[in-house]
Amino acid sequence: MYFESLSAALTMDGHGAFVWSAYAITAVVLVGMLVAPWRRQRRTLRQLTGLLKREAGQPPPRDRSREV
Amino acid sequence: MWTLFHKFGSPPWLYRLSGSILRWLLPLTLLALVAGAVWGLLFTPPDFRQGNSYRIIYIHVPAAVVALAGYYVMAIAGAISLIWRMKMADVAMRATAPVGAALTFVALVTGSIWGKPTWGTWWVWDARITSMLILLFLYLGVIALYEAYENKALAAKACAVLSLVGTVNIPIIYKSVDWWYSLHQPASIKFTGGTTIDPSMLYPLLWMIVAFYALFTCCLLLNMRAEILERESRTAWVRRLAAGE
């Protein structure tokens, strides 16, 4: 490791606040980039599962062709 | 060649393929990103002029490089969707936009944070920074334009045209640091020799660029899968997928 101690790595001779905040913001954005499509996919599948359950629970549609 | 082309046009095939790629690529990417960040933050020497603030380079440059490359992907997908009316190209174009926008945002924000201790200012209207801001607006423009249309076939066409027109911005971004000499430094890594960066900093930087490319691929595939499921929600294969969950 380049730094002698943990506190030296955190302060980075006065640049620590800039460097660590840049990395933190990036980490948050990258996690969001991965989680957003994953959640969207989950939502679609869950909605569809609910729809299929409702369809299965309903009685079959009446055959109206024989009613005159 | 044509069978491959047709396969790429098949949603269930693409959905399964992307799933099997993501299973190993996603954990590998996350590992590479964490390893690269630790390497850049803690195991590289400081820059002799900028001190430790330069460590932002390991996220700033990869984000900017991949944000630019992402625009090519979006524009090429847009062209394919315009010319061959290929639905999956349209899906790819739409999936690229949020990923590219997020990466451009990261490049701008980290650049701004890097600028404060190095240049003494958060922001300058320099050519490189301004053209990157335009890139962000182009990505956001494609997203907004798609949402603005009720007719999605028309939306895809408009977005493809916008992304193709926007490609004029890409060479401007590349060349901006050479054409307009300002605060932003010129490129340190060149393919044609004369790379002005020490190997101890070059290797972690290259590592992070590869990791960001992998991340871009993962996000693109994830977005495409979400989009495919939404579009195909009435088809039998998606219904089987939902029922089996």
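A note on names: the letters A, B, ... follow the listed sequences, proteins ahead of strands, and every chain is numbered from 1. None of the values given here were measured: they were computed from a predicted structure.
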Is there a side-chain contact between [X] and [Y] (heavy atoms, below 4.5 Å)?
X	Y	answer
Asn52(B)	Phe18(A)	no
Arg239(B)	Leu51(A)	yes
Met33(A)	Asn223(B)	no

Is it the side chain or the backbone of Thr44(B) that comes within 4.5 Å of chain A heavy atoms, both, or neither?
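Interface part for Thr44(B): backbone (N, CA, C, O).
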In terms of heavy-atom proximity below 4.5 Å to chain A, should Val238(B) be classed as side chain, backbone, both, or neither?
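It is both, since atoms from each part get that close.
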Looking at [options], which has the largest count of heavy-atom pairs under 4.5 Å with chain A?
options	answer
Phe105(B), Tyr58(B), Tyr54(B)	Tyr58(B)
Val99(B), Val38(B), Val109(B), Leu215(B)	Leu215(B)
Ile56(B), Leu33(B), Thr110(B)	Ile56(B)
Arg225(B), His60(B), Glu230(B)	Glu230(B)

Please give me the minimum heavy-atom distance between [X] and [Y], naming the atom from each residue.
X	Y	result
Ser233(B)	Leu48(A)	O-CD1, 3.7 Å
Gln41(A)	Tyr15(B)	NE2-OH, 2.7 Å
Ala226(B)	Pro37(A)	CB-O, 3.6 Å
Thr49(A)	Ala242(B)	OG1-O, 3.3 Å

Would you say [atom1] of [X] has more than 12 non-hydrogen atoms from neighbouring residues, nucleotides or ligands within 6.0 angstrom?
X	atom1	result
Lys53(A)	NZ	no
Glu150(B)	CD	no
Trp39(B)	CH2	yes

So for [X], is it side chain, backbone, both, or neither that comes closer than 4.5 Å to the heavy atoms of chain B?
X	value
Leu34(A)	both
Val19(A)	both
Ile25(A)	side chain

Could you give the distance from [atom1] ([X]) to [atom2] ([Y]), rounded to the nearest 0.5 Å?
X	Y	atom1	atom2	result
Leu30(A)	Leu30(B)	CG	CG	9.5 Å
Leu229(B)	Thr44(A)	CG	OG1	6.0 Å
His15(A)	Thr118(B)	NE2	OG1	6.5 Å

